[in-house]
Each structure stands twice: as structure tokens, then as C-alpha cells.
**Student:** 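Structure incoming, see below.
Please read these numbers as outputs of a predicted model, since none were measured by experiment. Throughout, a chain's letter reflects where its sequence line sits, starting with A, and its residues are numbered from 1.
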Amino acid sequence: MASIELRNITKIFRDAKRKRDLLAIDDVSLSVEKNEFLCLLGSSGCGKSTLLNMIAGFEKPTEGSVTVGGKAVDGPGADRGMVFQQANLMPWLPVWENVAFHLRLKGWRKADRRDAAQDYIDMVGLRGFENHFPAELSGGMSQRVGIARALLLNPQVILMDEPFAALDAQTKMDMQEELVAIWQKQRCTVVFVTHSVDEALVLGTRVAVMTSRPGRIRELIALDLPRPRDTTGPRFNDHKRHILNLIREEGLQQRQVAVA
Amino acid sequence: MTALSKSWERAVVPLFILATWEVFSRSGFLPAALLPAPSVVLHTWGDWIFGFDETSQGNTGRWLADALSSATRVAAGYGIAVVSGVALGIAIGWWRWVERTVEPTLQMLRPVPPVSWIPLAIIWFGIANKPAIFLVFLGAFFPILMNTIHGVKTADRNLIRAASMMGATEQQLLRHVVFPAALPSIFAGLRIGIGAAWMLTVTAEMVAVKSGLGYVLWDSYYFLRYDLVLAAMASIGLLGYATDALIKVLMSAALHWQHGSTLQSREG
């Protein structure tokens, strides 16, 4: 059974100020299998984050349905862990309390929360930083806390909204490698939104290339490249060329529409 | 910088003012009774506190009792204002329907000076502690309320999203995200509020009660004892300063997570 099912999703945003409707997502259907690592790839404004927010339950589709693990999504919940573009950590809580925030909500005792958090802190390589506050962490470390926090939910599905976009190239590469290792170990389903072709090709088992205004899925590409992925190998570059061509065509069409 | 030179820095301005004032008073430019020198004020103040030579007449040795009755009124009125201001502020900031129904009324009451409630307060509560506590409450309530509303409204939406992703109910969002996020603002309100509380307890004591620092101040004015008036003013200033310092200590304990990320955290 598929882990995530999007059926005929349409999203229309009401622009109240300009009194017109904007078709953001046009009839998207997509199913994500269990243990899959799906990358949603597209330029900014193509609706990829909106799709992700619908799976998370932060937004509702105008038409169509979203189900996760066979259950219809009707709001955010701890069965879907989300990692945001900004880490969004509670600045008044130390690292370990941020990681264990879910357990705090469930009313666990402090000592138990502390124990439970340690595994996930170790997993993302933050041992020794348990008592640091978010203001004392670098961008990459904050994102690690965000990832540990999502993993602690032990969710069926992890949703990631360009989590590495604000990191420098070196940190980004390290984090990508670690994310793949964690995903392989935890056997969970990941939906990862990105605008970087390279990132999608390094991470995904499948890439959904999206087109913008209205957002549609242009092509679904299965990647059977061996890991760790060789970003300079010929097969990697074949995929890259193919995707870049798709994006370029799309850009040309958009411009023609704009001129006409 | 060493602690000693730091406390020296704090003392420079007050010492300079006192010295100038002493010289000016002794110069005889004004009659001594109208502007008593700091040394005279200090002497009277000492007698008011310790009761050694009855320069403060009927007030001799009664300072502690006066200070305590003022402080009790401040504590009572301020306490009620803190609880109600923070609770109502969170409700107004969080629920639109509360804002729509309650806020217009409160915003109409806010510009009415607390002092103008004195006649009604006396009719309602009689001549005792209650009207004074009511005035203190009025003065402290609005700054605490306004700052709490502001703190709730400017809470980071992304933190609320992150918490609801982790399964937080509305009540948990308020307790674990909105309240701590609003805390820096709430403390700003608490500090403005404590100043207003002291101002109003003195005002109330001038008319509604027969004890406290404000009462002594006004009573001494009738007997032209300007040295006592000044001693009362200094007492109120010092107590206000001390309570504000106490709130600052609480604040830096509660907001220690801001350490190193705000300008405020530079303060020793």
C-alpha cells in the first residue's frame, strides 16, 4: 500500500486584495511508496511547498484528497514529522528539550525525556551540545536539531521543505550524506522539497519535476543510481541534462505565453 | 571592568546632584525651609526611620510601618494587575473573537487617567486600603495588558506550526509556545507597570487613606515640612528602584536563553 496518496489535488488561492483567483496547483495526483525518498523539484513559486504543506496538514486542497497511511489528512499531526527551511526551534529551550518537545507535550517526566532525546541527538551528531540554546548554534547545527526533533516522533513520513537551502556548500554535502544514512537506517518515507537539481539527484529514489503556474508534475523520474552517488558520473549527468532540458523547455513556454 | 569601578560609575550623577544641591541650599539664595539641604533631609529621614531625636515629630521611628503599608498596597494592586493583565492579554492576542468583543471597551477605558477614578473608588470601596489597591491595579494593568497582547501577536508563527506538527493542542500551544514567546514583552510590561503602581499608591494615599509614604508626604506639605516631603519622595524612589531591580533579576533568570543574542544581555 502506498504511504502517501495525493488524488487530483487542485489549489486555488484567493487574492482578496486584487479580487482574483490564482490557480497554484492544477490536478496533481501522486503516490509515494513506503520507504521511498521522493524529491519534489521545481523553481520557486511552482507549488511544491504548498503540496508539502497539504501532506503536513497546514493547508487544505481546494479539490482532491490527501491520505497518509490510508488515513485522510485533516490537520497537522505527529504521524508526519516536518523539517522546515528555517529550523524553527523554541529559542527558550536547550537542544535536548527541543528534540524532546513532543514528549513534553505528552507529559513525560523530565528524566525520561532527557534519556529519549539522547539517541536522536547522537544520531545527528550533536553529542556535547545538549544544553546549548538555539542562539548558540550554527545554521547547520540548528537544522540537525530540527531533524532529530522530527525523527523522535518516529513518524511514518518525514516531510522536508528545503531544509539545507540556507547552508554553505560543504555543510550541505555533509548533511545530505547523513540524511541518506539516517533514512537507510530508519526505513521511513521521505518527501523532500528542493529547487536544486543536484540535491534531488543526490538524495532521491524518485524525482518529481514540477512546472509552475499552475503547478503540475511534468515528469516522474525513477533513479536507480548506486549510493553514495557519484555527482560527476555519466549516468548522473544524463539525468541532470534531461531534467535541465525539461526546465529550460518549461521556461521557454512560459515566456512565449507571456509574450502572446 | 572591575565591580568597584562599575558601582562608582553608577554613583557619579547622584553624588554630583547632591553636592550641587547642598551648596546651593547653604548659599542662602532661598529660605532654608523651602529648599532644605540634603544633609537636613538625611537627618530628618534618619529620625523618621530610627527615631533618635524626633526631628520628624509625630512620624519619628515610623518609617518602616509607612513603607510597609505602601508596599502592601503596591503588592496587592500589582499582583491583581499581573494576573489579570497577562491572562486577558493572552486571550485578546490569541482569539480574534475575544479581541473583537473585549478590546474596544478596554481601549476606551485606557486613556481615562487612573486618578479620575478616585471619587468613584472612594464611594465604592470607602476610605481604607481598597480604593488605593484599586488605583494601583488600574495604573499597572494597562501597560501589562498592552505588552502581553503585543507579545502574543508577534509570536513567531513558524514556532506554532512546528509545535502543531508535533501534535500540540491549542491549550498546549498557549502554554508551551505562545506564553514563553511573549515573555520578553510581558516583562517589558511588568517593568512599566511597577513604576505606575508606585506612582498611584502615593496618589491614592494623598486622598483615600491615612497611612503610607504618600500620606506622610502630603501631611508634611500641610505643615510646611519640606525636609519630610523630600525624604518621602526619596523613599518612594528608592523602593521603586528596588522593586524594579527585583523584576530585572526575575527577568534575566526567566530570559536567560536570550543570553548573547540581544543587546539587553550585555548588562551585567
Side-chain angles (χ1 to χ4, degrees), chain A residues 49 52-53 55-59 73-95 97-108 113 131-137 142-143 145-155 157-161 163, chain B residues 86 90 93-96 147-148 150-190 247-267:
Chain A
S49 290
L52 196 77
N53 283 333
I55 304 172
F58 293 130
E59 281 180 49
V73 169
D74 67 343
D79 56 328
R80 287 146 289 149
M82 182 132 171
V83 181
F84 303 87
Q85 187 166 359
Q86 304 299 325
N88 294 341
L89 307 176
M90 311 298 158
W92 52 86
L93 296 177
V95 164
E97 283 265 42
N98 265 293
V99 171
F101 192 82
H102 173 61
L103 304 176
R104 189 187 175 91
L105 297 176
K106 281 170 75 178
W108 282 36
R113 296 205 302 268
N131 292 312
H132 279 55
F133 283 88
E136 304 169 298
L137 301 178
S142 300
Q143 277 306 4
V145 179
I147 292 170
R149 177 174 72 176
L151 289 172
L152 179 131
L153 302 173
N154 198 16
V157 169
I158 293 185
L159 308 170
M160 306 186 104
D161 189 4
Chain B
V86 170
I90 288 177
W94 183 253
W95 288 293
R96 290 299 301 272
N147 280 281
T148 306
H150 173 78
V152 171
K153 292 214 173 229
T154 52
D156 189 348
R157 276 187 63 172
N158 289 322
L159 296 183
I160 292 164
R161 288 183 123 196
S164 45
M165 177 272 287
M166 288 179 277
T169 61
E170 192 177 36
Q171 204 193 329
Q172 288 179 321
L173 285 180
L174 285 173
R175 189 178 145 202
H176 294 290
V177 184
V178 174
F179 177 71
L183 213 48
S185 257
I186 292 175
F187 268 108
L190 293 184
I247 293 172
K248 266 169 89 173
V249 168
L250 288 176
M251 177 167 84
S252 62
L255 304 182
H256 64 101
W257 51 272
Q258 286 188 331
H259 183 78
S261 60
T262 58
L263 276 181
Q264 179 174 279
S265 61
R266 285 191 314 192
E267 285 180 23

**Student:** So which of B:Gly167, B:Ala168, B:Ala254, B:Ser164 has the biggest tally of heavy-atom pairs under 4.5 Å with chain A?
**Tutor:**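 Highest number of pairs under 4.5 Å: B:Ser164.
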**Student:** Just checking, B:Arg161 and A:Phe58: is the charged tip under 6.0 Å from the six-membered ring centre and within 45° of the axis?
**Tutor:**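 Checked: cation-pi criterion met.
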**Student:** If you count heavy-atom pairs under 4.5 Å with chain B, which of A:Gln86, A:Arg104, A:Glu136 comes out on top?
**Tutor:**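 Option with the greatest count: A:Arg104.
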**Student:** Drop me the distance from B:Asn158's CG to A:Phe84's CZ, to the nearest 0.5 angstrom.
**Tutor:**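 Rounded to the nearest 0.5 Å, the CG-CZ separation comes to 7.0 Å.
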**Student:** Against chain B, label A:Leu89 side chain, backbone, both or neither, depending on which of its atoms sit under 4.5 Å from a heavy atom there.
**Tutor:**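 Contact with chain B: backbone only.
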**Student:** Taking everything shown except B:Trp94 itself, do over 12 heavy atoms lie less than 6.0 Å from its CH2?
**Tutor:**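 Correct, the count exceeds 12.
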**Student:** Taking every non-hydrogen pair under 4.5 Å, which of A:Pro155, A:Gly57, A:Pro76 racks up the most with chain B?
**Tutor:**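 Going by pairs under 4.5 Å, I would pick A:Pro76.
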**Student:** Restricting to non-hydrogen atoms, name the atom on B:Met166 and the atom on A:Phe101 that form the minimum distance, rounded to 0.1 Å.
**Tutor:**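 Answer, listing the atom of B:Met166 first, then A:Phe101: CE-CD2, 3.6 Å.
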**Student:** Within the supplied structure, the quantity of interest is the number of heavy atoms (other residues, nucleotides, ligands) at a distance under 6.0 Å from B:His150 NE2; does it exceed 12?
**Tutor:**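 No - once you tally the heavy atoms of other residues, nucleotides and ligands closer than 6.0 Å, there are 12 at most.
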**Student:** Considering all heavy atoms of both residues, which atom of B:Ala163 and which atom of A:Leu105 are nearest to each other, and what is their separation?
**Tutor:**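 Here B:Ala163 and A:Leu105 meet closest at O-CD1, 4.1 Å.
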**Student:** Please classify the contact of A:Leu153 with chain B as side chain, backbone, both or neither, using a heavy-atom distance under 4.5 Å.
**Tutor:**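 When you check distances to chain B, only side chain atoms of A:Leu153 fall under 4.5 Å.
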**Student:** Between A:Pro134, A:Pro94, A:Ala150, A:Pro91, which has the largest tally of heavy atom pairs under 4.5 Å with chain B?
**Tutor:**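 Sorted descending by pairs with chain B, the first entry is A:Pro91.
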**Student:** Flag the pair B:His256 / A:Phe133 as yes when at least one side-chain heavy-atom distance between them is below 4.5 Å, and no otherwise.
**Tutor:**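 Yes. Closest side-chain heavy atoms under 4.5 Å.
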